[in-house]
Amino acid sequence: MSPLLSVKDLRIDYLTAGEPFTAVRDISFEIQPNEILGLAGESGCGKSTVAYALMRLHKPPALVRNGHILFEGRDVLSFGDKELRAWRWSEVSMVFQSAMNSLSPVMTIFRQFYDMLRAHGTVSKAQAQERIAQMLEMVGIPSDRMHAHPHQLSGGMRQRVALALALTLKPKLIIMDEPTTALDVVVQREILQEVLRLKDELGFSVLFITHDIALMAQISDRIGIMREGKIVEIGTTSQIVTAPKRDYTRSLWDAMPLLAQRPEGMAHAV
Ligand SMILES: Nc1ncnc2c1ncn2[C@@H]1O[C@H](COP(=O)(O)OP(=O)(O)OP(=O)(O)O)[C@@H](O)[C@H]1O
Ligand SMILES: [Mg+2]
């Protein structure tokens with residue numbers, strides 16, 4: 001099977017005053033169709049820097065110094081503006097850590113979906129309304145909430161809306177950067193269950209980023225462990241959980257509260 005996404009020797013620097021800071025050091029990994037790859041590691045190890053670069057959303061002072069990002073074999077780093085606009089959200093989309101980074105506070109939910117739909121093809125208001133209602137209901141939000149502004153919704157609802165927005169154009173890959181960190185455990189569980197259900201229904205791949213390795217083990221097929229800009233270990237979830245090769249990976253497990261250590265049968269059992 002050829003990979004959906006292939007990242008090769010990716011290096012990203014932040015060009016700040018003085019010496020450039022290398023936040024991502026020559027990392028390589030692949031994501032297969034329909035696969036959930038988890039990316040874990042302590043705060044500041046470079047997870048979000050990778051996520052933004054994959055979507056070509058990185059901005060100065062971040063600079064990709066080296067490497068390739070291939071999406072279905074196409075070289076994402078060489079895309080022109082037009083190609084990028086067509087590709088982003090329709091083939092790969094992102095759910096950010098805070099829904100407020102995904103949603104504009106000044107526009108109604110309807111307007112945000114409508115703008116995205118229109119940017120990717122001709123659509124009437126009535127057609128948009130129907131599609132938005134369908135997407136909101138799919139993530140458990142009553143469709144009449146499309147006329148609300150984000151601040152009129154709870155944090156959990158906003159994150160569901162961000163998920164619906166990310167799924168609307170049926171992308172093949174969704175990048176989720178700490179999608180549930182700001183939410184309480186019950187809502188977090190509900191949303192992740194929703195992601196797994198939708199993945200079965202729609203068929204997409206996920207890059208799931210979190211510093212919560214226990215949560216990651218519950219939903220990922222494979223896990224990559226990052227430290228100081230490098231991927232120090234990558235393998236199947238059961239290998240990373242039960243037979244980590246690196247002391248660092250083991251130390252992440254050891255740092256988990258006892259209850260979270262459920263090595264057996266965790267995958268897809270949120
Ligand atoms: N705009 C910036 N300018 C300079 N350095 C930055 C910038 N953004 C991030 N960095 C640095 O790059 C490194 C990686 O940051 P990044 O946000 O990718 O980490 P992360 O793994 O996502 O952390 P967290 O788990 O806290 O979200 C950090 O050392 C950070 O200080
Ligand atoms: Mg981050």
Side-chain angles (χ1 to χ4, degrees), residues 5 7-29 31 36-69 76-77 88 92-103 155 158-159 162-163 165-166 173-185 188 191-192 195 206-220 222-235 240 244 246 248-249 251-257 260:
L5 180 85
V7 174
K8 287 186 189 149
D9 302 323
L10 187 68
R11 176 181 166 148
I12 304 167
D13 286 358
Y14 284 100
L15 303 180
T16 44
E19 288 285 292
F21 171 72
T22 303
V24 173
R25 295 170 183 273
D26 305 317
I27 66 168
S28 300
F29 64 90
I31 302 180
I36 302 186
L37 176 70
L39 197 57
E42 64 203 2
S43 186
C45 70
K47 305 180 297 294
S48 295
T49 304
V50 171
Y52 278 80
L54 293 184
M55 277 283 277
R56 280 279 307 271
L57 284 171
H58 62 288
K59 298 189 197 82
L63 179 71
V64 173
R65 289 305 273 267
N66 189 37
H68 294 283
I69 299 170
V76 171
L77 292 174
R88 214 186 259 150
V92 55
S93 67
M94 188 157 167
V95 178
F96 297 85
Q97 174 160 2
S98 156
M100 282 320 216
N101 290 338
S102 307
L103 306 173
R158 281 199 292 266
Q159 212 52 331
L163 181 63
L165 195 66
L173 172 66
I174 305 182
I175 299 168
M176 298 191 180
D177 188 2
E178 309 259 14
T180 58
T181 307
L183 306 174
D184 71 58
V185 177
Q188 183 177 63
I191 292 181
L192 291 178
V195 169
V206 180
L207 177 65
F208 185 74
I209 295 176
T210 181
H211 55 264
D212 184 343
I213 185 172
L215 180 71
M216 168 155 296
Q218 289 184 315
I219 80 157
S220 302
R222 285 189 307 133
I223 294 179
I225 304 290
M226 270 188 88
R227 186 184 195 188
E228 293 173 356
K230 290 192 214 145
I231 292 186
V232 293
E233 180 162 7
I234 189 161
I240 294 288
R246 294 299 186 112
Y248 180 68
T249 309
S251 74
L252 289 178
W253 279 111
D254 292 344
M256 281 289 123

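Counting starts at 1 for both ligands and their atoms, following the listed order.
The two residues V24 and G46 make their nearest non-hydrogen contact at CG2-O, 3.8 Å.
Of all atoms in ligand 1, listed by their number and element, those nearer than 4.0 Å to a heavy atom of A23 are 12 (O), 13 (C). Residue P61 approaches ligand 1 through these ligand atoms, each under 4.0 Å from one of its heavy atoms: 1 (N), 3 (N). Every atom of ligand 1 with a heavy atom of T16 under 4.0 Å away is listed here by number and element: 4 (C).
The protein reaches atom 2 (C) of ligand 1 closely, with a heavy atom under 4.0 angstrom from it.
For atom 7 (C) of ligand 1, the nearest protein heavy atom (residue, atom name, distance) is Y14 CE2, 3.3 Å. Looking at atom 16 (P) of ligand 1, its nearest protein heavy atom turns out to be T49 OG1, 3.6 Å. Protein heavy atom nearest atom 31 (O) of ligand 1, with residue, atom name and distance: F21 CE2, 4.9 Å. What sits closest to atom 26 (O) of ligand 1 on the protein, heavy atoms only, is S43 OG, 2.5 Å.
Residue contacts with ligand 1 leave out G41, since none of its heavy atoms falls under 4.0 Å from the ligand.
The distance from atom CG of L5 to atom CG of L37, rounded to the nearest 0.5 Å, is 9.0 Å. Atom CE of M176 and atom CE of M94 lie 11.0 Å apart (nearest 0.5 Å). Taking CZ of R158 as the start and OG of S102 as the end, the distance is 11.0 Å to the nearest 0.5 Å.
One N or O on the side chain of S93 and one on the backbone of A166 form a donor-acceptor pair closer than 3.5 Å. Between the side chain of K47 and the backbone N or O of M226, no donor-acceptor pair lies under 3.5 Å. Formation of a donor-acceptor pair under 3.5 Å by the R222 side chain with backbone atoms of I234 is not found in this model.
When each of V7, I36, I175, L173 is paired with I31, the side chain to side chain contact (heavy atoms under 4.5 Å, CB included) condition holds for L173 and for no other. Checked against D13 for a side chain to side chain donor-acceptor pair (under 3.5 Å), the options T49, N66, T22 give a single hit: T22. Under the side chain to side chain contact (heavy atoms under 4.5 Å, CB included) rule, F208 has a single partner from L192, V95, I174, which is L192.
Considering backbone and side-chain N/O of K47, one or more are found under 3.5 Å from N/O of ligand 1. Taking distance alone, with nitrogen or oxygen atoms compared against 3.5 Å, G44 approaches ligand 1 more closely than that limit. At least one N or O atom of G46, backbone or side chain, sits closer than 3.5 Å to an N or O atom of ligand 1. Residue contacts with ligand 1: S48 is placed with a nitrogen or oxygen under 3.5 Å of a nitrogen or oxygen of the ligand (distance criterion only).
Side-chain contact between L77 and R56 is present, with heavy atoms from C-beta onward closer than 4.5 Å.
Between Y52 and F96, the ring-plane angle classifies as tilted under the 30° and 60° cut-offs.
The tally of protein N/O/S atoms under 2.8 Å from the Mg ion (ligand 2) stands at 1.
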